[in-house]
Amino acid sequence: MIDNFTIKFYSQELSEKYLKSTGNYTQSSWVWKGENDKEKETKYPLRKKVNNIELRVTEQNSVLGNSIHKYFNINMYGEEKGNHNHNDFSYCGILEALEQLKQDFKGLNLNEGYLQSLEFGFNLLVDKEPKYYLNHNFLLFEHKAPAINKATNAMNYRKFEHNNIAWKVYDKKTQYGLENNLLRVEIVLGSRELKRLGIQTLNDLKNRENILLLFSRFMEFFKGFTIVDNRFNRKDLSPEFVSDLGNRLEPSYWKNKRGKSNLVRDKMKLKEMIKQSNLNTTEIYFTELIRDKFNELFYDCDVVRQVA
DNA sequence: CTTGGACTCAATGGCCCTTA
DNA sequence: TAAGGGCCATTGAGTCCAAG
């Protein structure tokens with residue numbers, strides 16, 4: 001559910017004091033300061049890693065972050081077996097990981113800073129080869145082409161950017177050489193968006209309401225995708241319709257419309273065309289998969305927790 | 001019923017700074 | 001030197017209304 005995060009601390013000084021007092025940090029090469037290269041200065045950045053979570057202190061800033069999902073897995077299954085995020089990460093897992101993190105960085109107040117970014121997403125077990133959906137269904141987000149679109153044997157990955165958020169949709173099957181058709185869909189929320197949601201610290205993630213809030217924003221943003229079934233598989237559709245639809249699925253069509261009047265109606269028209277011709281089954285399929293997965297990770301884990 | 005203009009406010013992109 | 005925030009001025013999305 002929760003994955004990568006970055007916290008920027010308000011005080012670089014406190015972070016540096018913490019490092020110096022607890023040790024076990026690394027320092028990079030030497031830096032020379034001054035005109036005549038005489039004085040050696042303390043080398044930044046200073047780094048301290050616990051599993052995969054790293055605290056990095058530079059001359060002016062200090063940040064802590066990485067995948068809390070992997071961190072949980074490493075704690076649970078060890079360095080070798082746990083160094084991945086292709087299993088499920090439940091709400092209860094999040095709570096445990098946050099508690100462990102607090103222990104591992106005892107002496108550093110993790111809440112004296114704010115979240116610069118936070119990833120929220122799901123690993124979905126899908127019917128077809130994961131890359132099929134990337135190539136044929138996840139076409140546009142907010143009517144824009146993906147900013148990154150990798151399609152190789154080793155990696156199939158699309159990243160869509162918009163405002164202060166981004167979507168990452170990738171094929172975990174090829175990435176990790178898995179047996180299962182695993183597709184990961186995750187949203188990256190930037191600081192502006194997190195501020196809007198009132199989610200500023202790791203502490204805020206312990207709150208059930210906030211997890212529900214994150215999920216509802218996830219689903220809201222998900223609607224911004226243009227996910228359409230493969231129109232070429234539909235012999236019942238007229239070639240004219242398929243061409244017209246294809247035109248509207250092309251990013252430059254929308255670039256051309258920028259700033260024009262009644263853009264909203266045009267966007268509605270595309271949505272209608274997809275819906276009316278029943279080309280929205282993939283979108284519905286994913287919406288339901290995501291809902292089910294969230295319910296499982298959020299609510300079922302609570303039942304387990306109460307029983308345990 | 002469709003198209004275009006005006007208005008308002010949030011999104012966008014550019015600039016600047018930090019970091020690697 | 002390039003990439004990634006943060007901040008801020010400008011642009012454009014969205015809504016309403018009027019005209020064709």
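In what follows, chains are A, B, ... by sequence order, proteins preceding strands, each numbered from 1. Predicted model, so just to flag it, every value in this text is computed and none were measured.
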From the list [options], which nucleotide is the closest neighbour of the side chain of [X]?
X: A/P45; options: C/dC7, B/dT3, B/dA20; value: B/dA20
X: A/Q60; options: C/dG14, B/dT19, B/dA11; value: B/dT19
X: A/S191; options: B/dA11, B/dT19, C/dG6; value: C/dG6
X: A/R265; options: B/dT18, C/dC17, C/dC8; value: C/dC17

Nucleotide [N], atom [atom2] - distance to [atom1] of [X] in whole Å:
X: A/L263; N: C/dG12; atom1: CG; atom2: P; result: 12 Å
X: A/H143; N: C/dG14; atom1: NE2; atom2: C1'; result: 14 Å
X: A/M268; N: C/dG14; atom1: CE; atom2: P; result: 11 Å
X: A/R47; N: B/dT19; atom1: CZ; atom2: P; result: 12 Å
X: A/I7; N: C/dG5; atom1: CD1; atom2: P; result: 15 Å
X: A/N61; N: C/dG4; atom1: CG; atom2: P; result: 17 Å
X: A/K255; N: C/dA13; atom1: NZ; atom2: C1'; result: 17 Å
X: A/N164; N: B/dG13; atom1: CG; atom2: P; result: 13 Å

Worksheet entry | A/R234 and A/D229 ion-paired at < 4.0 Å |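 Salt bridge absent between A/R234 and A/D229.
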Discussion item. Could you check whether A/E119 pairs with A/K168 (Lys NZ or Arg NE/NH1/NH2 to Asp/Glu carboxylate O, under 4.0 Å)?
Written reply: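 Looking at A/K168 together with A/E119, the answer is yes, because their closest N to O distance falls below 4.0 Å.
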Under 4.0 Å between a side-chain N/O of [X] and OP1 or OP2 of [N], yes or no?
X: A/R192; N: B/dA11; value: no
X: A/K257; N: C/dA13; value: no
X: A/Q116; N: C/dG5; value: no
X: A/T58; N: B/dT18; value: no
X: A/Y114; N: C/dG6; value: yes

Worksheet item: Looking only at N and O atoms, is any donor in the side chain of A/N262 or the base of B/dG4 less than 3.5 Å from an acceptor on the other one?
Response: yes
Item to complete: Could you pull out the closest heavy-atom pair between A/N61 and A/K8, with the gap in Å?
Response: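 What the structure gives for the nearest pair is OD1-CE, 3.4 Å.
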Worksheet item: Any side-chain donor-acceptor pair under 3.5 Å between A/Q100 and A/Y71?
Response: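 A/Q100 vs A/Y71: no donor-acceptor pair found between side chains.
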Fill in: Within 6.0 Å of CE in A/M268, more than 12 heavy atoms from elsewhere
no
Discussion item. Once you apply a heavy-atom cut-off of 4.0 Å, does A/K267 come out as touching a base, just sugar-phosphate, or nothing?
Written reply: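 The answer is sugar-phosphate, as A/K267 gets under 4.0 Å only of primed atoms, P, OP1 or OP2.
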